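We number each residue from 1, following the sequence as shown. Start at 1 and go down the list; that is how both ligands and their atoms are numbered. As the structure is a prediction and not an experimental result, all values here were calculated from the model.
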Amino acid sequence: MPSLLPKTYESSDLTDDRLGSLTEINLESASDDADPGAANSKPDFAATEENENPPPLAGANVMNIILVAMECAPWSKTGGLGDVAGALPKALARRGHRVMVVVPRYGIYSEAKDLGLYKRYKIAGQDMEVNYFHASIDGVDFVFMESPDFRHRGNNIYGGGRVDILKRMVLFCKAAVEIPWIVPCGGVCYGDGNLVFIANDWHTALLPVYLKAYYRDNGLMKYTRSVLVIHNIAHQGRGPVEDFSIVDLPDHYLDLFKLYDPVGGEHFNIFAAGLKTADRVVTVSHGYAWEIKTSEGGWGLHEIINDSDWKLQGIVNGIDMTDWNPEVDIHLKSDGYTNFSLDNFQTKKPQCKAALQRELGLPIRDDVPMIGFIGRLDHQKGVDLIAEAIPWIVSQDVQLVLLGTGRADLEEMLKKFDSQYHNKVRSWVGFSVKMAHRITAGVDILLMPSRFEPCGLNQLYAMMNGTIPVVHAVGGLRDTVQQFDPYNETGFGWTFERAEANRLINALGNCLNTYRNYKDSWVGLQRRGMSQDLSWDNAAKLYEEVLVAAKYQW
Ligand code: GLC
């Protein structure tokens, strides 16, 4: 858990340097969530009105839902938020809701059509124009907001000076809250009938505030609600109190934004205002929902979170099963890799391991445990704990693969390990979707020593791929990786209670011992991990309950 509060309104607070940039955009994998066989799988009996139009899973709760986020995979992604924005809406649409995603247009996305709709907004006295592009994919309306401010930002979504970043977020939220009135999707605007917005992280936390200030305070959009999802509370949109002039709200709204904490003193805090104003708040695991109520985990917002406890719920993210299911993963189809499933992983996963060893130029040996780390190179992800443990790790008969980008000093450190222990260690500094998939499928063990981890997706991807996670028991890692119990043969991996190198070594040592000496237990761990239903469908149902509560429970 973080022990220090972030400094007040440093530009780095607004500069959310998540996992570098997405250099390889994988359009194929996102283009089709539907079962390819579905078109042919209609039951062989005369169609009646009922089976032609089955009732929606959402039943009477069918809603119009607009999810707003600063990134959405596969078009833009710096981390898990992009994955969530790409996948949750499709799962909600499968339940029968009408769902739109609004995201900035950072580049040219060939599948999206220009709607030719221009609108101007005044941001800090300056006229800013936006225009909209639209694509309908897997039952979801993806609306891309074009503006000179977003263009070509794909590699640096959260970059720039504090005020510039703030202006971008203000523009995005001001325009997004109007979208139900001005952007027709399939010819018809969403309007405010049965509408709920889902905003994500501080970047879109102004949307609930604008919904209230511009509409609901004026008796408009009376039945529209907003839900704010916390993916990472460490980034909050902090600034000096004078930043209030940029957000364009009535004076009496200032108090919502003002926050005092011992490190920053009195300051302006966008997440604070969004959390207070949203009708419901979700965070991405139960463990994190608990942690953000503590002074260590709330990064200064814990009192607001505690006051909002009645409207807070933890929902663990799902994963996109077209993308991360080793049975169909497109990154396992060439270069010696192979798709595999629960039925054949014992013979096929070793092929992926050999292909990975070959691709990385490591000795090709099936018996050597291969350990992976994939993540942003920063304090949160605990890569420095791996560094502390490295003398012990390389004293073992193991291979270690590290993939990530981030802090320059940590990137250097990874490169140093690669050259220093070249017979055992490979570092891939950069971000490659393909390598992330291949490492996840090829290694035996995935290390996640994150100091804090709101949900974490890599441990879920690992388990889907028969790779055993060794994790710091925190946030979503605690929720999803149940410690292995050798007596009852239960659990999914190894956990350690404190983010310290010796704890990591201890957990990893136990894991290696099981790998080497208790093969049946190992296969049991793999099998249990792979058998879980980690799809978005469960999570979407829980989100639906929150949206319903936002609409009807007061
Ligand atoms: C953030 C969190 C990560 C979570 C992701 C998606 O990146 O750090 O733990 O999985 O958001 O919710």
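Put simply, no part of Gly79 is less than 4.0 Å from ligand 1, judged by heavy atoms.
Here Asp261 pairs with Arg238 in a salt bridge; the nearest charged N to carboxylate O distance falls below 4.0 Å. Salt bridge present: Arg95 and Glu544 bring a charged side-chain N and a carboxylate O closer than 4.0 Å.
With a 4.0 Å cut-off on non-hydrogen atoms, Asn317 touches ligand 1 through its side chain and not its backbone.
Listed by first then second residue, pairs satisfying salt bridge (Lys or Arg N to Asp or Glu O under 4.0 Å) with a partner in residues 457-475 number zero, not counting sequence neighbours.
Distances below 4.0 Å separate heavy atoms of Gly80 from the following atoms of ligand 1: 5 (C), 6 (C), 7 (O). Every atom of ligand 1 with a heavy atom of Gly456 under 4.0 Å away is listed here by number and element: 3 (C), 4 (C), 9 (O), 10 (O). With ligand atoms numbered from 1 in the order given, ligand 1 contributes 12 (O) to contacts under 4.0 Å with heavy atoms of Val284. Taking every non-hydrogen atom of Val84 and a distance limit under 4.0 Å, the qualifying atoms of ligand 1 come out as 6 (C), 12 (O). Of all atoms in ligand 1, listed by their number and element, those nearer than 4.0 Å to a heavy atom of Gln380 are 8 (O).
Note on ring orientation: taking the six-membered ring where Trp is involved, the planes of His472 and Phe496 are parallel (angle under 30°, cut-offs 30° and 60°).
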Could you walk me through whether Lys212 and Asp279 pass salt bridge (charged side-chain N to carboxylate O under 4.0 Å, His left out), step by step?
CA-CA 10 Å; Lys212 181 169 176 343; Asp279 297 299; over 6 Å; no
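The cationic atom of Arg153 (NZ for Lys, CZ for Arg) does not lie both less than 6.0 Å from the six-membered ring centre of Tyr106 and within 45° of the ring axis.
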